[in-house]
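Working notes, structure below.
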Amino acid sequence: LKWLLRASMSPPIACIVPGATTIEEVTENARVGHGDPTLSASEWDRVRALQAEWAHKRCRICHRCEPCPAGIPIAMTLGTDVMYDHYRTMGRAAFRAFAWSQEAVEKDAANRAKLMAAIESCTGDRDCEVKCPYGLSIVDMLQAQLDEMREMIEVYRELGSGD
């Protein structure tokens, strides 16, 4: 967050929205805005390490890999799938215990089942990967999400939806 705050000074970024799932994370995130935003040498080392680590792991949501012949919304699935990100961040127990609306559960269960079917129907031709300017292993990344998506469907069934 400190790097983002520093980066927002030139060119200006209108808003930084960090992810947080606990009050402690919100408090920690808020503290970043107080004091000198200059990164120390060790913080810069950490930024560079994270950039290298995530360079070929994270979708930038550019949509250049699309359209997918199997109908997979690749950028949404790998880059902005909020419910999946909540599941990964919270873990099964906290995700299940969260006060989701029945409407949200039903909607995501139906959409997730369709998404999983599309991923499972992927022929693996990897045309999407050829089009990806970041060299992501898109097919493998999508396949790697299936087990957690199946767990999400199980949780939805436990909550009375997802059939």
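Keep in mind that what you see is a predicted model, and the values were worked out from it rather than measured.
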Legend entry - With Arg150 via side-chain hydrogen bond (donor to acceptor under 3.5 Å, both in side chains) - residues at least two apart: Glu120, Asp147

Inset, instruction - Using side-chain hydrogen bond (donor to acceptor under 3.5 Å, both in side chains) as the criterion, list what pairs up with Asp85, not counting sequence neighbours. - result: Arg88

Legend entry - Selection residues 117-149 - residue pairs positive for ring-ring contact (aromatic ring centres under 6.0 Å, His included), sequence neighbours left out: none

Inset, instruction - Sorted by first residue and then second, give each ring-ring contact (aromatic ring centres under 6.0 Å, His included) pair with at least one member in residues 97-131; sequence neighbours left out. - result: His86-Trp100, Phe95-Trp100, Phe98-Trp100

Legend entry - ILVMFWY cluster, Leu146 and Ile153 together (side-chain gap under 4.5 Å): yes

Inset, instruction - Give the cluster check for Leu78 versus Ile119: same hydrophobic cluster or not, with ILVMFWY residues linked at side-chain heavy-atom distances below 4.5 Å. - result: yes

To check you understand the geometry: which heavy-atom pair defines the closest contact between [X] and [Y], and what is its length?
X	Y	value
Asp140	Arg126	OD1-NH2, 3.0 Å
Leu159	Gln102	O-OE1, 3.8 Å
Gln145	Tyr84	CG-OH, 3.3 Å
Glu129	Val139	OE2-N, 2.9 Å
Cys132	Ile138	CB-CD1, 3.9 Å

Legend entry - Exercise: do Tyr87 and Glu151 side chains pair donor with acceptor under 3.5 Å: yes

Legend entry - Euclidean distance, Tyr156 OH relative to Lys107 NZ, rounded to 0.5 Å: 11.5 Å

Inset, instruction - Measure the spacing between CZ of Arg112 and CE of Met152 and express it to the nearest 0.5 Å. - result: 3.5 Å

Legend entry - For Leu50, the rest of its hydrophobic cluster, which grows through side-chain links under 4.5 angstrom: Trp54

Legend entry - Pair Lys57 + Glu53, salt bridge at N-O below 4.0 Å: yes

Is there side-chain contact between [X] and [Y], with at least one heavy-atom pair below 4.5 Å?
X	Y	result
Asp81	Met149	yes
Pro73	Leu115	yes
Leu142	Cys122	no

Return a table of donor-acceptor pairs under 3.5 angstrom between the side chains of residues 59-71 and protein atoms on other chains or two or more places apart.
| unit_1 | atom_1 | unit_2 | atom_2 | d |
| --- | --- | --- | --- | --- |
| Arg60 | NH1 | Ala55 | O | 3.0 |
| Arg60 | NH1 | Arg58 | O | 2.9 |
| Arg60 | NH2 | Ala55 | O | 3.0 |
| His63 | ND1 | Glu66 | OE1 | 2.8 |
| Glu66 | OE2 | Ile74 | N | 2.8 |
| Glu66 | OE2 | Ala75 | N | 2.8 |

